[in-house]
Each structure stands twice: as C-alpha cells, then as structure tokens.
Trainee: 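Let me give you the structure first, and then I'll get to my questions.
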Amino acid sequence: MATAATQVDTSVTRPDAGTVSDSAQSSLPLVEDAQRVAPLDARRLSKLFFERLSVLEEGTAEYQYARNTLIEMNLSLVRYVARRFRSRGQEMEDVVQVGTIGLIKAIDRFDVSLENEFTTFSIPYITGEIKRFFRDTTWSVHVPRRLQELRVDLARAREELEGRGIPEPSVADYAAHLELSEEEVIEGLVACNGYDADSIDRPIEAGGGGKQQTGFVADLVGNEDPALALAEDIQALKPHLAQLDERERTLIQLRFGAEMTQSEIGAELGMSQMHVSRLLTRTYATLREALLATS
C-alpha cells in the first residue's frame with residue numbers, strides 16, 4: 001500500500017477539486033489517491049485537514065477539497081465497521097455506502113479543538129448508520145419502530161436469561177426482565193415473526209439425521225374453499241326463497257333438494273316438462289333480480 005509520502009505532491013491542481021488557492025496550498029498537501037493512504041498517515045493528515053477545514057468558508061473550492069479528501073482518506077474506517085455485518089446477508093457495497101453516510105456526518109460534526117481522536121469519534125456514527133439501515137430496511141413485514149427496537153431488547157433479554165439457566169424464557173420471564181407488561185412482550189414476540197421471510201418453495205425436512213423431504217412450505221398454505229362462496233350464496237338466498245309461493249318453493253326443492261330432472265318433476269306434479277322449464281326459468285329470474293337488488 002502506498003504511503004502518504006509517495007502521494008503528497010507540491011502541485012495544487014486536483015482533477016476533481018478544481019484549482020486550489022495559494023492559502024490552501026500553504027496549509028494542505030495535494031493527496032493524489034486519498035483512498036490508498038496508509039491508516040497511520042491518514043490519521044496524521046486528517047488532523048491537518050480538519051484544522052484547515054475549521055477555518056475555511058463552506059462552499060469554497062478549498063473547503064470542498066479538504067472535506068472530500070477527508071472522506072476518501074477515512075473510507076477504510078467504513079470498510080472496517082462494515083465487515084462486522086458480513087453475516088447479515090446484504091451486499092457489502094450497499095453496507096459500505098450506508099456507512100459512508102455516517103462517516104460524512106462524523107466529519108461534518110467533528111470539532112478538532114476538543115483534541116479527540118477522529119477514529120474514536122467517527123466509528124459510533126458509522127456503526128449507528130449501518131444499524132439503522134438494517135433496522136429500517138431488512139424487515140420482511142413493516143412494523144412500527146418501537147416494535148423493531150423491542151425485538152432487539154427481546155433478543156438481548158433471551159441471551160441474558162439463557163445465561164441464568166432459563167433455556168426457553170416464558171412471556172412472564174421476559175416481562176419481569178424488561179419491566180414490561182406481558183401484553184407488550186406478546187406484541188413484540190409476534191412482531192419478531194415479520195423480520196424474516198421464507199420461500200413457500202422451501203422443502204420441509206423431517207426425521208433423523210437423514211432429513212427426508214416430506215413436501216414444501218406451499219403445501220401448508222391453505223387455499224380458498226369454493227364451498228365458502230356457495231354457503232354465502234345460500235344464506236343470501238334464504239330470505240328471498242321465503243317470499244316465493246308454495247308451488248315455486250316446491251319446484252326449487254325438487255330440482256335442487258331432491259336433484260330431480262325437469263321430466264321427473266313434471267311426472268311428480270302432473271305437468272309437462274316444458275311447463276316445468278318455464279316455471280323454473282321464471283323463478284330463477286325472480287331470485288336473481290332479488291339478489292342483485294340487495295348486493
């Protein structure tokens with residue numbers, strides 16, 4: 001890795017910063033490849049750049065050069081923090097981009113006059129920004145912020161309770177430990193189910209070490225029962241059936257209750273099949289109009 005000594009130049013022209021004034025030249029070296037500055041050199045140069053940044057007017061070319069160089073020189077801090085979150089399943093490039101936002105906030109808020117180490121000051125900003133990213137964007141189902149935070153508290157409480165010899169803490173255990181009501185704990189536990197989603201095509205495995213596949217998650221998902229709609233229609237028809245005359249109700253009972261054909265109904269009632277067909281068609285129309293009028 002190149003050191004600052006090989007990267008610092010006496011020139012005052014930087015391709016992405018325009019032309020730097022003489023006053024900036026006298027205080028700040030030109031860093032050609034800020035991202036490749038060694039950590040120790042970056043720490044020393046950062047102090048120099050922060051001192052100069054504190055007296056520059058915001059919006060000037062000198063200010064932008066100093067600020068941008070500070071960001072680039074300290075990106076190694078972002079990558080260092082981001083590596084802690086490798087197991088979260090997110091692209092590292094996305095995590096680094098989010099952490100860079102925390103770095104920029106730290107640079108804008110750092111007060112060099114307090115003589116604090118920028119590394120110590122910036123890491124909590126970077127870490128906080130990344131944690132906020134995971135908290136706000138990785139839930140499979142959106143839940144209120146307080147429940148997202150309660151999930152973290154419940155996870156921490158579980159670890160502590162397990163350490164005390166309670167392998168499967170109850171709702172009462174959580175409530176006593178966190179000084180919450182049992183209703184709040186139950187709400188938090190239910191909300192935890194929204195953190196991770198699972199594919200309905202995931203195989204279900206059961207039985208011993210062999211883990212024999214027994215089906216898929218989708219097999220456990222219920223389908224809409226067509227009979228439910230039929231039951232609703234029957235309930236809706238009841239009051240309208242009661243308004244039919246006796247002969248019309250008898251025709252409906254024989255056709256759908258006894259499942260008789262029109263010819264069989266005609267023989268039962270002493271009518272022709274054609275007459276039965278006309279009566280049923282008229283009854284159907286009456287019921288249909290009544291249903292549509294009440295829907």
Trainee: Under 3.5 Å, side chain of T69 to main-chain N/O of A66, donor-acceptor pair present?
Mentor: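 Not confirmed, T69 side chain does not pair with A66 backbone.
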Trainee: Would you call E129 and R132 a salt bridge, using N to O less than 4.0 angstrom?
Mentor: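 Between R132 and E129 there is a salt bridge, with a charged N closer than 4.0 Å to a carboxylate O.
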Trainee: Could you report the tightest heavy-atom contact between L178 and A157, atom names first, then the distance?
Mentor: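 So the two residues come closest at CD2-CB, 3.9 Å.
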Trainee: Side-chain contact test, heavy atoms from C-beta onward, threshold under 4.5 Å: evaluate it for Y125 versus I104 and give yes or no.
Mentor: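 Contact flag for Y125/I104 side chains = no.
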Trainee: Is the shortest heavy-atom distance from the side chain of N74 to the side chain of S122 under 4.5 Å?
Mentor: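 N74 does not reach S122 side chain to side chain.
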Trainee: Any chance you could measure H177, atom NE2, to R156, atom CZ, to the nearest 0.5 Å?
Mentor: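 Spacing of NE2 (H177) from CZ (R156) equals 9.0 Å.
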Trainee: For A82 versus V96, what's the shortest heavy-atom pair and its separation?
Mentor: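 In this case the closest contact between A82 and V96 is CB-CG2, 4.0 Å.
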Trainee: Using the six-membered ring wherever Trp is involved, compare the ring planes of F110 and F118 and label them parallel, tilted or perpendicular (cut-offs 30° and 60°).
Mentor: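 Correct class here is perpendicular.
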Trainee: How long is the straight-line distance from CG of L269 back to CG of L254, given to the nearest 0.5 Å?
Mentor: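 Going from CG on L254 over to CG on L269, the span is 5.5 Å.
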Trainee: Kindly compute the distance separating CG (L251) from CD (E246), expressed to the nearest 0.5 Å.
Mentor: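 These two atoms lie 11.0 Å from each other.
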Trainee: So do the side chains of F50 and S113 get within less than 4.5 Å of each other, counting heavy atoms only?
Mentor: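 No, too far: nothing below the 4.5 Å cut-off.
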Trainee: side-chain contact (heavy atoms from CB on, under 4.5 Å) for Q97 and E93? Distances and angles first, verdict last.
Mentor: CA-CA 6 Å; Q97 288 182 358; E93 182 180 351; 3.7 Å; yes
Trainee: More than 12 heavy atoms of other residues, nucleotides or ligands under 6.0 Å from CG of L114: is that the case?
Mentor: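 More than 12 within 6.0 Å, yes.
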Trainee: May I ask you to test the R84-I130 pair for a side-chain heavy-atom distance under 4.5 Å?
Mentor: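 Side-chain contact under 4.5 Å: no.
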Trainee: Provide the closest heavy-atom pair for R86 versus R83 in the form atom of the first, atom of the second, distance.
Mentor: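 Taking R86 first and R83 second, the nearest heavy atoms are NE-O, 3.1 Å.
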Trainee: Evaluate the side-chain proximity of R43 to E117: yes if any heavy-atom separation is below 4.5 Å, no if none is.
Mentor: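 They are in contact (side-chain heavy atoms under 4.5 Å apart), so the answer is yes.
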Trainee: Is it the case that over 12 heavy atoms from other parts of the model lie below 6.0 angstrom from the OH atom of Y284?
Mentor: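 Counting neighbours around OH of Y284, more than 12 heavy atoms of other residues, nucleotides or ligands fall under 6.0 Å, so yes.
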Trainee: I'd like to know if K105 pairs up with D108 as an ion pair, taking the criterion as any Lys NZ or Arg NE/NH1/NH2 lying under 4.0 Å from an Asp or Glu carboxylate oxygen.
Mentor: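 Salt bridge between K105 and D108, a charged N being under 4.0 Å from a carboxylate O: no.
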Trainee: State, with a plain yes or no, whether a side-chain heavy atom of I123 is found less than 4.5 Å away from one of Y80.
Mentor: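 Yes, at least one pair of side-chain atoms sits under 4.5 Å.
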Trainee: Please assess L161 against Y174 for the test side-chain contact (heavy atoms from CB on, under 4.5 Å), listing each intermediate value before the final yes or no.
Mentor: CA-CA 8 Å; L161 290 170; Y174 283 121; 4.1 Å; yes
Trainee: Are I265 and F256 connected into the same hydrophobic cluster when the rule is that any two of I, L, V, M, F, W, Y join if their side-chain heavy atoms are below 4.5 Å apart?
Mentor: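 F256 and I265: one cluster.
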Trainee: Can you measure from OH (Y65) to CG (L56) and round to the nearest 0.5 angstrom?
Mentor: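 So the OH of Y65 and the CG of L56 are separated by 11.5 Å.
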Trainee: Quick one: pull up CD in E187 and CD in E183 and give me the separation to the nearest 0.5 Å.
Mentor: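 E187 atom CD to E183 atom CD measures 10.0 Å (nearest 0.5 Å).
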Trainee: So which heavy atom on I252 is nearest to which on L287, and how close?
Mentor: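 Looking at all heavy atoms of both residues, the shortest contact is CD1-CD1, 4.5 Å.
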Trainee: Could you check whether any side-chain heavy atom of R278 comes within less than 4.5 Å of a side-chain heavy atom of R282, counting everything from C-beta outward?
Mentor: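 No; the side chains remain at least 4.5 Å from each other.
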Trainee: Enter the distance from M92:CE to R79:CZ here, rounded to the nearest 0.5 Å.
Mentor: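 M92 CE to R79 CZ: 10.0 Å, rounded to 0.5 Å.
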Trainee: Does a side-chain heavy-atom distance below 4.5 Å link R67 with L53?
Mentor: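 Side-chain contact under 4.5 Å: yes.
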Trainee: With sequence neighbours excluded, tell me which residues meet salt bridge (Lys or Arg N to Asp or Glu O under 4.0 Å) with E57.
Mentor: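 For E57 there are no salt bridge (Lys or Arg N to Asp or Glu O under 4.0 Å) partners, ignoring immediate neighbours.
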Trainee: Which heavy-atom pair separates L45 from M73 by the least distance, and what is that distance?
Mentor: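 L45 and M73 have their closest heavy atoms at CB-SD, 3.8 Å.
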Trainee: Could you pull out all residues at least two apart from R158 that satisfy salt bridge (Lys or Arg N to Asp or Glu O under 4.0 Å)?
Mentor: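 Listed in chain order: E162, E168.
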Trainee: Assigning hydrophobic clusters by single linkage (Ile, Leu, Val, Met, Phe, Trp, Tyr; side-chain heavy-atom cutoff under 4.5 Å), is I101 placed with F121?
Mentor: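 No: no chain of side-chain contacts under 4.5 Å links I101 to F121.
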Trainee: Quick one: which of L280, T281, L279 gives a side chain to side chain contact (heavy atoms under 4.5 Å, CB included) with S277?
Mentor: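 Per the side chain to side chain contact (heavy atoms under 4.5 Å, CB included) rule, the option paired with S277 is T281, out of L280, T281, L279.
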Trainee: Tell me the closest heavy-atom pair linking A34 and V31, and the distance in Å.
Mentor: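 Taking every non-hydrogen atom into account, CA-CG1, 3.5 Å.
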